[in-house]
Asks: 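Got a structure for you, questions after.
A, B, ... follow the sequence lines: proteins, then strands. Residue 1 opens every chain. What you see below is based on every heavy atom in this structure, not just the backbone, and it leaves out hydrogens, waters and symmetry mates.
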4 protein chains.
Amino acid sequence: MGSTFGHLFRITTWGESHGGAVGVTVDGCPPNLDLSEADIQAELDRRRPGQSRVTTQRREADACEILSGVFEGKTLGSPILILVWNTDAKSEHYVPFRHIYRPSHADYAYDAKYGIRNWQGGGRASARETVGRVAAGAIAKKILRERFGTEIIGYVKQIHKLYADVDTDRVTQAQVEANIVRCPDAQCAEEMIAQIDWARRQGDSLGGVVELVARNVPVGLGDPVFDKLEADLAKAVMSLPASKGFEIGSGFAGTTLTGSEHNDPYEMRDGQVHTRTNNSGGIQGGISIGEPLVLRVAFKPTATINKTQETVTDQGEPTTLAAKGRHDPCVLPRAVPMVEAMVALVLADHYLRQQAQCLQ
Amino acid sequence: MGSTFGHLFRITTWGESHGGAVGVTVDGCPPNLDLSEADIQAELDRRRPGQSRVTTQRREADACEILSGVFEGKTLGSPILILVWNTDAKSEHYVPFRHIYRPSHADYAYDAKYGIRNWQGGGRASARETVGRVAAGAIAKKILRERFGTEIIGYVKQIHKLYADVDTDRVTQAQVEANIVRCPDAQCAEEMIAQIDWARRQGDSLGGVVELVARNVPVGLGDPVFDKLEADLAKAVMSLPASKGFEIGSGFAGTTLTGSEHNDPYEMRDGQVHTRTNNSGGIQGGISIGEPLVLRVAFKPTATINKTQETVTDQGEPTTLAAKGRHDPCVLPRAVPMVEAMVALVLADHYLRQQAQCLQ
Amino acid sequence: MGSTFGHLFRITTWGESHGGAVGVTVDGCPPNLDLSEADIQAELDRRRPGQSRVTTQRREADACEILSGVFEGKTLGSPILILVWNTDAKSEHYVPFRHIYRPSHADYAYDAKYGIRNWQGGGRASARETVGRVAAGAIAKKILRERFGTEIIGYVKQIHKLYADVDTDRVTQAQVEANIVRCPDAQCAEEMIAQIDWARRQGDSLGGVVELVARNVPVGLGDPVFDKLEADLAKAVMSLPASKGFEIGSGFAGTTLTGSEHNDPYEMRDGQVHTRTNNSGGIQGGISIGEPLVLRVAFKPTATINKTQETVTDQGEPTTLAAKGRHDPCVLPRAVPMVEAMVALVLADHYLRQQAQCLQ
Amino acid sequence: MGSTFGHLFRITTWGESHGGAVGVTVDGCPPNLDLSEADIQAELDRRRPGQSRVTTQRREADACEILSGVFEGKTLGSPILILVWNTDAKSEHYVPFRHIYRPSHADYAYDAKYGIRNWQGGGRASARETVGRVAAGAIAKKILRERFGTEIIGYVKQIHKLYADVDTDRVTQAQVEANIVRCPDAQCAEEMIAQIDWARRQGDSLGGVVELVARNVPVGLGDPVFDKLEADLAKAVMSLPASKGFEIGSGFAGTTLTGSEHNDPYEMRDGQVHTRTNNSGGIQGGISIGEPLVLRVAFKPTATINKTQETVTDQGEPTTLAAKGRHDPCVLPRAVPMVEAMVALVLADHYLRQQAQCLQ
C-alpha cells in the first residue's frame with residue numbers, strides 16, 4: 001500500500017525507471033477544475049532529467065498524457081490517470097551491476113525484502129518515480145493557487161558547504177528560476193554551479209538543503225493529533241529519494257533558544273491575528289495559522305558516483321564497483337519541484353479534509 | 001481522522017487534558033501475546049508528570065486499566081482499550097487564560113479551526129494526549145522485543161546548548177535511566193539538570209534533541225515509495241507536541257559530505273550483508289537493512305513559561321500574559337519514552353505489513 | 001483493523017461481552033454540535049437487552065458515559081469516547097460450553113483464526129458489541145436530523161412466515177415504537193409477539209427481515225465506483241451479527257421485471273427532479289437522488305437455542321449441546337435500532353465526504 | 001476516494017467509457033508471482049462486449065497491456081498498471097442524450113453531485129469501468145488458486161422468471177462456459193437465450209441473479225467486527241453496476257426457518273471440523289470456516305432500452321426518450337466474471353490481512 005499518498009486528494013504512483021511507462025492516478029480531485037496537459041507539463045519540465053548541465057544527462061522529454069478524469073477541459077471528479085512513457089531507458093548500462101549491490105542504493109534492501117528487483121535503472125527506487133508526484137502536485141498547486149492564491153516557492157538553500165542568503169518573506173519564483181541551480185542568491189548560485197561541475201569531473205556527488213516557503217496558506221489546515229500539518233509534511237518530503245532530514249520553522253537551531261526567546265508573540269494586523277515572529281514556521285498545535293510555512297529538507301549526496309567503491313555481490317562475495325557513464329552529481333536543483341509537489345499535495349489534502357469537518 | 005495512527009497495528013488516542021480520562025484503543029494487536037497492565041504501567045511511569053524535579057509538577061499516578069481485548073492474561077486479537085483517569089486536573093489554573101491566546105500554544109489555532117476549544121489545560125493539544133501513545137507503544141515494544149530482541153533506546157542528546165557524548169553502538173537503557181534527565185552521558189546530565197533548574201527559577205523553558213537508536217530491527221521493514229520507513233518515522237515523531245525537526249542517520253550534517261564520503265560500503269560479517277559505516281541510519285531505499293536505526297528529534301522549548309508575554313485576546317484585543325504556578329521547564333526527559341513509543345509503533349506496524357506482503 | 005468503520009465520520013468499537021466494558025471511539029464528529037449522554041441513551045434504551053419479554057433477559061441498564069470530546073455540552077471536534085460498563089455478565093453460564101463449539105456461533109471460527117477466544121458470552125462476536133454502534137449512530141442521526149431533517153425509520157417487516165403490510169411513504173417512528181416487536185402493522189405485530197412467545201417456549205428461535213426507509217436524505221451522497229452508497233450500506237448492515245442478506249429498492253423481486261417496467265421515469269415536482277416510481281430505492285449510479293432510501297436486511301434465526309444439538313468439542317470429539325437458561329428467541333426488535341445506526345453512520349460519513357469534494 | 005478497493009491487495013480503477021483508456025492500478029500484489037498479460041486477457045475475454053449475441057454489440061478487443069510492476073515475467077511487489085485502450089467508443093450515439101436524463105441511469109445523479117458529467121457512453125458509471133476490476137481480479141484469482149487451490153465459480157442462476165437448477169457442490173467452470181449465457185443448467189440456458197433474444201427484439205432488457213460458489217477457501221479469512229467476510233463481499237458485489245441485492249448462505253429464504261432448523265451441526269470429517277449443512281454459506285462470525293462460500297447477487301434489468309420513456313432534460317423540461325441502436329438486453333452473462341473478480345479481490349485482500357495478524 002506504500003504507493004498511495006493522501007486521504008481525500010489521494011495519489012497512487014506507479015512505474016519503474018526502465019519499465020514501459022511511469023505515472024500517477026489522482027483520485028479525489030474536485031470536479032470542474034480547468035485542467036490540461038500543459039498545466040502538468042510545466043512542472044514536469046522543471047523536474048525533467050537533462051534540463052541543464054548540472055543534472056543527470058538521461059534525455060527524457062517526459063511528455064505527459066491524461067487518459068481519464070478530464071472531459072472537455074474540465075475535471076470530472078473521477079480518477080485522473082497521467083502517463084509518461086519511458087523513452088531513454090538504457091538498460092544495458094546496468095547489466096554490469098546486475099549482481100552487485102551499489103552502496104547506499106536500494107539494491108540490497110529490495111532484494112532482502114522482495115526476493116526480486118528490477119536491476120535496470122533502480123526500478124521503483126529511482127527518482128524517476130517522482131514524475132507521478134510532480135504531475136499530481138501540479139494539480140494540487142493549481143487548486144491552491146486558484147482558491148487561495150497560495151504560493152509555494154522552493155529553492156536550493158545549501159549545496160555541500162555553500163549556504164545561500166535568502167529572505168523567506170521576499171523570495172520569488174522568478175529569482176529561483178533565474179539560474180539552473182534554482183538558488184535565488186545569484187552569487188551563491190554561481191559558486192554552487194562551479195562546485196557541481198567540480199564534483200562531476202571527480203565522478204563524485206554533492207548533497208544539500210532545499211528550503212521552501214508557502215504563502216497564503218489558509219488558516220486551519222492540519223488535524224490533531226497524528227495528522228498534524230508538520231507531521232504530514234515531514235512524511236511527504238521524507239518519502240522523497242535521498243532525503244535525510246526535515247525541519248519546520250526554527251527547527252534544530254531553535255533548540256538552543258529559551259521559551260521566552262522562541263515563543264511568537266501574537267499581535268493584530270489588518271484585523272487579523274498574526275505572530276510577530278515566525279519560529280513556529282506557520283504551524284501551531286499542528287494547524288496552519290496563516291503565517292508563511294517555512295521548512296527545510298536535507299538531501300544526502302547522490303549515491304551514484306563513478307569512483308571505485310567496495311561492496312558485495314548478491315551472492316555475498318566481496319567485490320569493487322567502478323561505474324561509468326552519466327551520473328547525477330547533485331539532485332538538489334531537480335529536488336526543488338519535487339519538494340514543492342509534496343507540500344502542495346499535503347496542503348490540498350488537508351484543505352479537502354478541513355472542508356469535511358465543519359457542518360455547513 | 002487525525003487521532004488514528006498506523007495501518008495494521010492501529011491506535012486511536014482520545015481524551016482531553018482536563019476531561020474525564022485519556023486513553024487509547026489499539027486495533028490489530030496479534031492474539032496470544034501475554035499482556036498485563038504492569039507491562040504498560042512501566043512505560044507510563046517513565047512518561048508520568050511529577051516523576052522528578054525536572055518535569056512538570058502536575059501529580060498524576062497515571063494508573064492504567066485495560067477494559068477490553070485481553071482475556072486470562074493474553075491478547076484476543078480484538079481491540080485493546082486502555083484508560084487512565086485524570087485526577088489532578090486543576091482547571092481553575094486556566095480560568096485567567098480562558099479568553100487569552102497563550103503564545104506558541106494551540107489556543108488560537110484550535111479556535112480558528114474548530115470555533116471551540118477546551119481551554120482547560122490545553123485540551124487535546126496537551127502533552128497529556130501522549131499517555132495513549134506511550135501505553136500503545138509499550139505493547140509494540142513488547143512484540144518487537146519478544147519476536148526479534150529489538151532494543152529501542154532513546155535518550156537526551158542535547159538540552160539548550162549542552163551536547164552529550166553518546167556512543168550509539170554501546171549505549172544502554174540502564175545508562176539512560178541512571179539519572180532524572182535521561183542523558184547517558186553522566187557528566188553532561190548533571191549540567192543539564194542544573195540548567196533546567198536555572199530555567200525553572202527564571203520562569204523560562206529549554207529545548208533540545210532526543211536521539212534514538214534501535215538495534216535488532218528486522219531486515220525488510222518499510223514500503224516504497226510513500227511509506228518508506230524513514231517517512232513514517234518522521235511523521236510519527238513530528239506528530240509529538242513541540243517537535244520541530246527530524247533526521248535519520250547522517251541527517252543535516254551529512255549534506256556537507258561528498259557521495260564518496262557518505263556512501264556506506266557493503267561487507268560480509270557473520271555471513272550476513274552489513275555496511276561498514278552507517279550514514280544511512282539503518283535504512284536504504286526506505287527499507288530497514290539490519291543496521292541500527294539512528295534518528296534524532298528536535299524539541300522546541302516548552303511554550304508555557306512564567307515570564308510576561310505580549311499577546312491578544314480571543315476578541316483581538318492586545319494584552320499581556322503573566323502565567324503563574326507550575327510549568328514544565330523542559331519536556332526532554334519525558335519526551336524520551338514518547339519518541340520510543342512512536343518508533344515502536346511504526347516498527348510494529350511495518351512488521352505486520354511485511355508479513356502480509358509475502359506469499360507464505 | 002476490522003473494528004473501525006467509516007472514513008471521515010469514523011468509529012472504532014471495542015469491548016467483549018464479558019470484559020469490563022464496551023464502547024466506541026468516534027473520530028471525525030464535527031465541532032460545535034450539542035451533545036449529551038441523554039442523546040445517546042435514548043437510542044441505547046431501544047437496543048438494551050431485557051427491554052421487553054420478546055428479547056434476551058440479560059439485564060443491563062447500559063448507562064453510557066462520555067469521557068472525552070465534549071466540553072460544556074458541545075463537541076470539540078476531537079474523538080468522543082463513549083463507555084458502557086458490563087454489569088450483568090454471568091460468565092458462569094458459559095462454563096459448560098468452554099470447550100464446546102456452539103453450532104452457527106463464532107466459537108469455532110474464532111479459535112481457528114486466532115487460536116484463542118473469550119468463551120464468556122461470545123466475547124467480541126456477541127451482539128453486545130453493537131452498543132458502540134448504536135451509541136455512535138445516535139450522534140450520526142442527530143447530525144443528519146439537525147442539518148437536513150433526515151428521518152431514518154427502521155421496523156420489523158417480517159418474522160418467520162409473518163409479513164407485515166407497511167407503506168414506506170407514510171410509516172412513522174411512533175407507529176414503530178407502539179409495540180414491543182417494533183412492527184408498525186399493529187395486527188401483524190400481535191401475531192409476531194405470539195410467535196416469539198411460542199418459539200421461546202420451544203427453546204427455539206426465529207429470523208426475519210428489517211426494512212428501513214430514510215426520508216430527506218440529501219442529494220449527492222455516495223462515491224462512484226466502489227464506495228457507491230448502496231455498497232457502503234450493504235457492508236454496514238451485513239456487518240451486523242446474524243445478517244444474511246441485503247437489498248435496496250426493488251431488490252431480488254426486481255429481477256423479474258423488464259427494463260421498461262423497472263426504470264423509474266423522471267418528472268418535475270416542486271421544481272425539483274424526481275422519479276415517479278422508486279425501484280431504484282433512492283440511489284442511482286451509487287449516488288442518492290433525493291428519493292427515500294428503502295432497504296431490507298435479512299436476519300437468520302438466533303443461533304442460541306435450548307434444544308439439544310449435535311456438535312464437536314475443541315478437541316474434535318463429537319458431543320451434544322443442551323443449553324439452558326435465558327436466550328434471545330428473536331433478535332429482530334432489537335435489530336431495528338442497530339440497522340438504523342449503521343445506515344446513519346454511512347450517511348453521515350458520506351455527507352462529510354461530499355462536503356470535501358467540492359471547491360467552495 | 002471511491003475508486004480504490006481493498007486494504008492490502010488494493011486496486012484503483014480509472015477511466016471513462018469514452019475517454020482514452022480504462023484500467024487499474026494494483027498495489028500490494030506480493031512479489032515473485034508469475035504474471036503475464038495472457039493471465040489477465042483470459043478473464044477480460046469473458047467480460048468483453050460483443051463476445052456473443054446475448055451481450056452488448058460494442059466491439060472492443062479489450063487487449064490489455066501491463067506497464068509496470070512486472071519484470072522478466074514476475075511481479076516485483078510494486079504497483080501493477082494494466083491499461084486497455086478504448087477503440088470502439090461511438091460518442092456520436094450519445095449526442096442526442098447530451099441534455100436528457102436517461103431513466104435509472106446515473107446521468108442525473110452525476111450532474112447533481114458533480115455539476116458536470118461525461119455524457120459519452122455513461123462516463124465513469126459505464127460497465128466499462130469493470131475492465132479494471134476483472135483485470136485485477138485475474139491476479140487475485142491466480143494467487144488464491146496457486147496458493148490454496150481455490151476455485152471461484154460464478155454462473156447465471158436466474159434470468160427474468162427462469163430459474164436454473166444447479167448443485168453448488170458439483171458445478172464446474174466447464175459447465176458454466178459451455179453456453180453463451182453462462183448457465184450450467186443446459187436446458188434452462190437455452191430458454192434463457194431465447195428469452196434474451198425476445199427482449200432484444202422488444203427493445204427491452206432483463207434482470208436476474210448470479211450465484212457463486214468458492215471452494216477451498218482457507219479457514220480464518222474475515223475480520224470481526226466491521227470487516228466480516230460477508231460484509232466485505234456484500235460491499236464488493238453491491239458496487240457493481242446494476243446490482244440490487246446480496247445474500248450469503250441461506251439468505252432471505254433462511255429467515256423462515258427456526259434456529260433449530262437453520263443451525264449447522266458440527267462434525268468431524270477427515271480429521272477436520274466441518275458443518276453437516278451449509279446454511280452459513282461458509283462464514284460464521286464473519287470468518288471463513290473452510291466450507292464452500294455460497295452467495296447470490298441480484299441484478300436489475302439493464303437501464304438502457306429502446307422503448308420510449310418519459311423523462312426530463314437537464315433544464316427540467318419534460319421530454320421523451322427513444323433510444324436507438326445497440327443495447328445490452330441482459331448483463332447477466334458478463335456479470336459472471338465481474339462477480340468472480342470482486343469475490344477474488346476480497347478473498348486475496350483478507351488472505352494478506354490474515355497473514356499480518358499472527359506472530360510468526
Asks: Is it the side chain or the backbone of D:I305 that comes within 4.5 Å of chain C heavy atoms, both, or neither?
Replies: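 Answer is side chain: those atoms of D:I305 sit under 4.5 Å from chain C.
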Asks: Can you say whether C:K228 sits under 4.5 Å from chain D via the side chain, the backbone, both, or neither, judging by heavy atoms?
Replies: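 Contact with chain D involves the side chain of C:K228 alone.
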Asks: How close do C:I289 and D:A109 get, heavy atom to heavy atom, and via which atoms?
Replies: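 Minimum heavy-atom contact is CG2-CB, 3.9 Å.
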Asks: So for C:A303, is it side chain, backbone, both, or neither that comes closer than 4.5 Å to the heavy atoms of chain D?
Replies: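 It is both, since atoms from each part get that close.
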Asks: Side chain from CB out, backbone as N, CA, C, O: work out which of these in C:D107 comes under 4.5 Å of a heavy atom of chain D, or both, or neither.
Replies: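 Neither; nothing under 4.5 Å.
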Asks: Which atoms of C:R102 come close to chain D, meaning under 4.5 Å heavy atom to heavy atom: side chain ones, backbone ones, both, or neither?
Replies: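 Only the backbone of C:R102 comes within 4.5 Å of chain D.
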Asks: Using side-chain heavy atoms (C-beta onward) and a distance below 4.5 Å, is D:P224 in contact with C:Y114?
Replies: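 SC-SC contact between D:P224 and C:Y114 confirmed.
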Asks: Using salt bridge (charged side-chain N to carboxylate O under 4.0 Å, His left out), reason through D:E310 and C:R276 one step at a time and then give a plain yes or no.
Replies: CA-CA 10 Å; D:E310 291 179 70; C:R276 193 168 304 153; 3.4 Å; yes
Asks: Verify, without hydrogens or angle tests, whether C:K113 (side chain) and D:G220 (backbone) share a donor-acceptor contact under 3.5 angstrom.
Replies: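 Here the side-chain-to-backbone pair exists.
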Asks: Please report the interatomic distance OG1(D:T255) to CG(C:L332), rounded to the nearest 0.5 Å.
Replies: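 That separation rounds to 8.5 Å.
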Asks: So which part of D:E129 gets closer than 4.5 Å to some heavy atom of chain C, the side chain, the backbone, both or neither?
Replies: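 Side chain of D:E129 only, per the 4.5 Å heavy-atom cut-off to chain C.
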Asks: So what's closer than 4.5 Å to chain C heavy atoms on D:T308: side chain, backbone, both or neither?
Replies: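 Contact with chain C involves no heavy atom of D:T308 at all.
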Asks: Given a strict heavy-atom distance threshold of 4.5 Å, which part of C:D204 is in contact with chain D: side chain, backbone, both, or neither?
Replies: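 Contact with chain D: side chain only.
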Asks: Would you call the rings of C:F226 and D:F5 parallel, tilted or perpendicular, taking 30° and 60° as the class edges?
Replies: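 Because their plane-to-plane angle lies in the 30° to 60° range, the rings of C:F226 and D:F5 count as tilted.
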Asks: What is the minimum heavy-atom distance between D:H160 and C:L257, and which atoms define it?
Replies: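 That would be CD2-O, 3.8 Å.
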Asks: Do the side-chain N and O atoms of C:Q309 and D:S260 include a donor-acceptor pair separated by under 3.5 angstrom?
Replies: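 Side-chain D/A pair, C:Q309 to D:S260: absent.
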Asks: Let me know if C:F299 has heavy atoms under 4.5 Å from chain D in its side chain, its backbone, both or neither.
Replies: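 Backbone only.
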Asks: Atom CG of D:N263 and atom OG of C:S205: how far apart are they, to the nearest 0.5 Å?
Replies: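 Separation between the atoms: 6.5 Å.
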Asks: Looking at D:G285, D:A106, D:S239, D:G207, which has the largest count of heavy-atom pairs under 4.5 Å with chain C?
Replies: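 Highest number of pairs under 4.5 Å: D:S239.
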Asks: Can you tell if the side chain of D:D227 reaches within under 4.5 Å of the side chain of C:K235, non-hydrogen atoms only?
Replies: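 With C-beta onward as the side chain, the pair touches.
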Asks: Below 4.5 Å, heavy atoms only, C-beta onward: do D:T258 and C:P301 meet side chain to side chain?
Replies: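 The answer is no, as the side chains (C-beta and beyond) never meet within the 4.5 Å cut-off.
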Asks: Counting only heavy atoms closer than 4.5 Å, note whether D:T302 contacts chain C via side chain, backbone, both or neither.
Replies: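 Backbone only.
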Asks: Answer with side chain, backbone, both or neither: which region of C:Q272 has an atom nearer than 4.5 Å to a non-hydrogen atom of chain D?
Replies: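 For C:Q272, the side chain is the part near chain D, not the backbone.
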Asks: Considering only heavy atoms, which portion of D:V219 lies under 4.5 Å from any heavy atom of chain C: side chain, backbone, both, or neither?
Replies: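 Only the side chain of D:V219 comes within 4.5 Å of chain C.
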Asks: Where on C:H105 is there a heavy atom nearer than 4.5 Å to chain D: the side chain, the backbone, both, or neither?
Replies: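 Looking at C:H105, just its backbone touches chain D.
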Asks: Among residues 312-320 of chain D, which residues come closer than 4.5 Å to chain C, judged by heavy atom distances?
Replies: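 Checking residues 312-320 of chain D against chain C gives D:V312, D:G316.
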